[in-house]
Amino acid sequence: MLINVWYASCPPCRVEAPALKAVYSEYGALGVGFVGVNTRDEAGPAAAFEETFGITYPSIPDPDGAVIASMDGSVSPNAVPTTLILDAEGRVAARIAGAADQSTLESLLDTVLAEAA
């Protein structure tokens, strides 16, 4: 499972969006779950961001920070974007603070998938 914390006007979120889209196209087909956590936007700006960047995996709105708070300190509310990769047991296997690039995401997911095999 990959969880990406973002908001529409976040410059690094905009930089990493194409990488997330590409990785989702490849790894989503392999059964890896993806979900976004939108920390600040109303529905309109969030939908516009997703349309602009072709993001098709689901995102959860989190305007009050409750979703981030439920992550037991894995994501700092001011560290956006943050990407978590969870292992088969739901534990945080990797965390990327800042914009994630495609090769890093693929490498981390490959490692987690190999450990689960």
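We use all heavy atoms of the structure for the numbers below, so side chains are in, but hydrogens, waters and symmetry mates are not.
- Partners of Ser70 according to the side-chain hydrogen bond (donor to acceptor under 3.5 Å, both in side chains) rule, which considers only residues two or more places apart in sequence or in another chain, do not exist here.
- Applying the disulfide bond (SG atoms under 2.5 Å apart) test to pairs two or more places apart or on separate chains, none has a residue in residues 33-90.
- Under the ring-ring contact (aromatic ring centres under 6.0 Å, His included) criterion, Tyr27 pairs with no residue at all, not counting sequence neighbours.
- For the pair Trp6 and Ser59, the tightest heavy-atom approach, listed with the atom from each and the gap, is NE1-OG, 3.2 Å.
- For Thr56, the side-chain contact (heavy atoms from CB on, under 4.5 Å) criterion is met by Tyr24, not counting sequence neighbours.
- Following chains of ILVMFWY side-chain contacts shorter than 4.5 Å, one can reach Val112 starting from Leu2, so the two form part of one hydrophobic cluster.
- Among residues two or more places apart in sequence or in another chain, the ring-ring contact (aromatic ring centres under 6.0 Å, His included) test is passed with Tyr7 by none.
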Can you list, pair by pair, the side-chain donor-acceptor contacts under 3.5 Å of residues 11-22, counting residues two or more places apart and other chains?
unit_1, atom_1, unit_2, atom_2, d
Arg14, NH1, Ala8, O, 3.0
Glu16, OE1, Ala100, N, 2.8
Glu16, OE2, Asn4, ND2, 2.8

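- Applying the side-chain contact (heavy atoms from CB on, under 4.5 Å) test to Ser107 and every residue at least two apart in sequence or in another chain returns nothing.
- When the side-chain contact (heavy atoms from CB on, under 4.5 Å) test is applied to Ala66, the partners found at least two apart in sequence or on another chain are Asp62, Asp64.
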Show me the donor-acceptor pairs, under 3.5 Å and distance only, between side chains in residues 87-94 and residues at least two apart or in other chains.
unit_1, atom_1, unit_2, atom_2, d
Asp87, OD1, Glu89, N, 2.9
Asp87, OD1, Gly90, N, 3.0
Asp87, OD1, Arg91, N, 2.9
Asp87, OD2, Arg91, NE, 2.8
Asp87, OD2, Arg91, NH2, 2.9

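- Residues Arg40 and Asn38 come closest through the heavy atom pair N-OD1, 3.2 Å.
- Applying the side-chain contact (heavy atoms from CB on, under 4.5 Å) rule to Met1 yields the partners Ile3, Val35, Leu86; only residues at least two apart in sequence or on another chain are considered.
- Every pair tested for ring pair (Phe, Tyr, Trp, His ring centres under 6.0 Å) that includes a residue from residues 80-115 fails, sequence neighbours excluded, so the list is empty.
- The side-chain hydrogen bond (donor to acceptor under 3.5 Å, both in side chains) test applied to Glu42 returns no partner, not counting sequence neighbours.
- A chain of hydrophobic side-chain contacts below 4.5 Å, direct or via other Ile, Leu, Val, Met, Phe, Trp or Tyr residues, connects Ile85 to Tyr57.
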